[in-house]
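In what follows, a structure is listed as structure tokens, so that the remarks can point back to it.
In this text the structure is predicted, and so the values were computed from the model without any measurement.
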Amino acid sequence: MAVSNTRRVAGVASFTIDGSPYMLVDGFVWSPSTVSRETSLGLDGLHGFKEMPVAGWIEANIRDSGVRVEDFNAMTSSTVVGTMANGKQVIMSLGWCTSALEVDGTEGTVKVRFEGPDVTEVFS
């Protein structure tokens with residue numbers, strides 16, 4: 001009997017950069033935000049808010065296996081895609097690697113962070 005996954009909301013995921021798959025360990029997070037807002041207060045009360053543009057970002061903790069970690073520094077116009085258990089895809093085009101790369105030799109992992117002009121969420 002086949003098991004339906006229509007109620008699956010979290011768990012398995014995949015991660016690619018420029019079409020190449022990477023082993024995703026954990027910590028797949030992203031922000032599709034395009035603005036940041038900060039409340040403006042005065043001595044007489046609430047005045048409103050200040051709005052500033054921000055870059056969208058995608059971050060993942062991947063396995064250091066078959067990967068030249070230093071190559072991430074050269075990635076400045078990449079397409080980054082994460083596919084979630086619920087079918088959602090998180091897609092960044094024209095992203096650049098911003099993380100100061102640190103390898104955890106005990107766990108064999110490296111955290112990568114990409115920022116860019118657009119992060120979109122697509123539901124299948």
Side-chain angles (χ1 to χ4, degrees):
M1 177 174 168
V3 177
S4 172
N5 68 358
T6 57
R7 295 178 51 118
R8 182 171 44 185
V9 296
V12 296
S14 64
F15 183 72
T16 65
I17 302 170
D18 294 328
S20 296
Y22 291 85
M23 288 188 270
L24 182 60
V25 178
D26 61 17
F28 179 67
V29 293
W30 69 91
S31 174
S33 297
T34 57
V35 296
S36 171
R37 294 182 187 97
E38 181 180 319
T39 301
S40 295
L41 299 170
L43 295 176
D44 57 347
L46 180 70
H47 292 173
F49 62 89
K50 173 176 77 170
E51 186 173 275
M52 297 292 291
V54 297
W57 55 268
I58 294 176
E59 189 173 273
N61 194 25
I62 62 173
R63 189 72 64 199
D64 180 21
S65 177
V67 174
R68 280 178 33 113
V69 174
E70 62 195 57
D71 289 348
F72 290 104
N73 282 325
M75 296 180 181
T76 58
S77 184
S78 294
T79 299
V80 182
V81 178
T83 303
M84 310 303 295
N86 62 4
K88 178 191 285 188
Q89 282 195 317
V90 179
I91 304 167
M92 171 186 284
S93 298
L94 303 173
W96 47 90
C97 185
T98 61
S99 53
L101 301 165
E102 296 178 4
V103 178
D104 180 336
T106 303
E107 296 297 323
T109 59
V110 60
K111 185 178 286 188
V112 294
R113 180 181 174 109
F114 284 80
E115 296 183 9
D118 187 44
V119 175
T120 58
E121 298 170 301
V122 179
F123 295 93
S124 58

From Glu51 CD over to Ser40 OG, what is the distance, rounded to the nearest 0.5 angstrom? 11.5 Å
Ignoring hydrogens, what is the shortest heavy-atom contact between Asn73 and Leu101? Give both atom names and the distance. OD1-CD1, 3.9 Å
Nearest heavy-atom pair of Ala13 and Leu24: which atoms, and what distance? CB-CD2, 3.7 Å
Under a 4.5 Å side-chain heavy-atom rule over Ile, Leu, Val, Met, Phe, Trp and Tyr, are Val112 and Trp96 clustered together? no
Determine whether Phe15 and Val103 fall in the same hydrophobic cluster, where Ile, Leu, Val, Met, Phe, Trp and Tyr are linked whenever their side-chain heavy atoms lie under 4.5 Å apart. yes
With rounding to the nearest 0.5 angstrom, report the OG1 to NE2 distance, Thr39 to His47. 12.0 Å
Validation: residues 80-95 side-chain donor-acceptor distances under 3.5 Å, sequence neighbours left out:
from  : atom 1 : to     : atom 2 : distance (Å)
Thr83 : OG1    : Gln89  : NE2    : 3.2
Asn86 : OD1    : Lys88  : N      : 3.0
Lys88 : NZ     : Glu121 : OE2    : 3.3

Are Met23 and Val67 connected in a single hydrophobic cluster, I mean Ile/Leu/Val/Met/Phe/Trp/Tyr linked by side-chain heavy atoms less than 4.5 Å apart? no
Same cluster or not: Trp57 versus Met75, using hydrophobic residues (I, L, V, M, F, W, Y) connected whenever any side-chain heavy atoms lie under 4.5 Å apart? no
One should read off an interatomic distance between Ile58 CD1 and Arg113 CZ, to the nearest 0.5 angstrom, of 10.5 Å
Closest non-hydrogen atoms of Val54 and Ser36, given as atom of the first, atom of the second and distance, are CG1-CB, 3.5 Å
Does any non-hydrogen side-chain atom of Lys111 lie less than 4.5 Å from one of Glu102? no
In short, Trp30 meets Pro32 closest at the heavy-atom pair CD1-CD, 3.7 Å
Parallel, tilted or perpendicular: which describes the rings of Tyr22 and Phe72, with under 30° parallel and over 60° perpendicular? tilted
Okay, side chain of Asp18, backbone of Thr79: is any donor-acceptor separation there less than 3.5 Å? yes
Determine whether a donor-acceptor pair (N or O, by modelled atom type, separation under 3.5 Å) exists between the side chain of Arg63 and the backbone of Glu107. yes
Within-4.5 Å side-chain heavy-atom neighbours: Phe114 and Ile17: yes
